[in-house]
Amino acid sequence: GSRGMKLVITAGFDGSIPALAMCELLTRSGHCIDTVLVVTPFSFKRLKAIVRQRGIQGLKKVASKLLPDNKSDAELNIQAQFLLDNNIPFVSLKAWCKANEVSYLLVENLNSPESIRCLEQSAPDAVIYAGGGILRSRFIEASNHRIVNNHSGPLPAVRGMNAVEWSILLKHEPSITIHMIDQGIDTGE
């Protein structure tokens, strides 16, 4: 049979259900998750950047996504049902990593020296980007330009934020594009 890939997964916070599901389902399909890099959502620098980029309302929106008690019942039910349907008995990446003997690294920023060292030591076949902020050239270079991302719009027609909304407004069929991250925003192959 074919050998699975050695992967590093990123996540914007410990309770990221999409990152958790990817870790579990990729492992089940024969891939090796070497490390999960999780960005701490509550560093002063990160909170300040969110306020600068999105204002106080943006900070409230981010906080509501990060704090489980503030998620809508519908969102929680969909995510909980997905976990149940796929027999994934975890609610945090840290717990999943511990149960699966996978390295878990909590960082203030994916571009931090700790993240770069982790990538250099791990030398993964690929990094699966499941959130965590904009990646700088050092991170991209340390991962040998092998970072897989999914973008919620048709590339190159609809780049950046709110891709679903812009797809509809520009009369493109809503879609997801799987692409490699490079120095630009949603410009990779």
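Quick caveat: nothing in here was measured; it's all calculated off a predicted structure.
- Looking at heavy atoms from C-beta onward, Leu110 lies in side-chain contact with Val39 at the 4.5 angstrom threshold.
- Under the 4.5 Å side-chain criterion, counting only non-hydrogen atoms from C-beta, Pro174 is in contact with Ile168.
- A donor-acceptor pair is defined here as one N or O able to donate and one able to accept, closer than 3.5 Å; no such pair exists between the side chain of Arg136 and the backbone of Asn111.
- The shortest heavy-atom contact between Ser92 and Asp14 is CB-OD2, 2.8 Å.
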Check: residues 20-28 side-chain donor-acceptor pairs under 3.5 Å, at least two apart:
| residue | atom | partner | partner atom | Å |
| --- | --- | --- | --- | --- |
| Glu24 | OE1 | Trp96 | NE1 | 2.6 |
| Glu24 | OE2 | Arg28 | NE | 2.7 |
| Glu24 | OE2 | Arg28 | NH2 | 3.1 |
| Thr27 | OG1 | Cys23 | O | 2.7 |
| Arg28 | NH1 | Asn86 | O | 2.7 |
| Arg28 | NH2 | Asn86 | O | 2.8 |
| Arg28 | NH2 | Asn87 | O | 2.7 |

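- Not counting sequence neighbours, Asp34 has no partner by the salt bridge (Lys or Arg N to Asp or Glu O under 4.0 Å) test.
- Between the His172 side chain and the Trp166 main chain, no donor and acceptor come within less than 3.5 Å of each other.
- No side-chain donor from either of Tyr129 and Asn150 sits under 3.5 Å from a side-chain acceptor of the other.
- For Gln121, there are no side chain to side chain donor-acceptor pair (under 3.5 Å) partners at least two apart in sequence or on another chain.
- Of the possible donor and acceptor atoms, one in the side chain of Thr10 sits under 3.5 Å from a partner among the backbone N and O of Ala130.
- At least one donor-acceptor pair closer than 3.5 Å links the side chain of Lys6 to the backbone N or O of Ser122.
- Ser112 and Glu114 form a side-chain donor-acceptor contact under 3.5 Å, judged by distance and modelled atom types alone.
- Of the possible donor and acceptor atoms, one in the side chain of Ser143 sits under 3.5 Å from a partner among the backbone N and O of Ile140.
- Distance alone, capped at 3.5 Å, places no donor-acceptor pair between the Thr40 side chain and the Leu106 backbone.
- A single hydrophobic cluster is not seen to contain both Leu84 and Ile78; linkage of ILVMFWY side chains at heavy-atom distances under 4.5 Å, directly or through other members, places them apart.
- Side-chain N or O atoms of Ser167 include one that pairs as donor or acceptor with a backbone N or O of Ala163 at under 3.5 Å.
- Taking all atoms of both residues into account, the shortest heavy-atom contact from Leu37 to Ser115 is CD2-OG, 4.1 Å.
- From His31, atom NE2 reaches atom CD1 of Ile33 across 8.0 Å, with rounding to the nearest 0.5 Å.
- Using a 4.5 Å heavy-atom cutoff, the side chains of Val148 and Val127 are not in contact.
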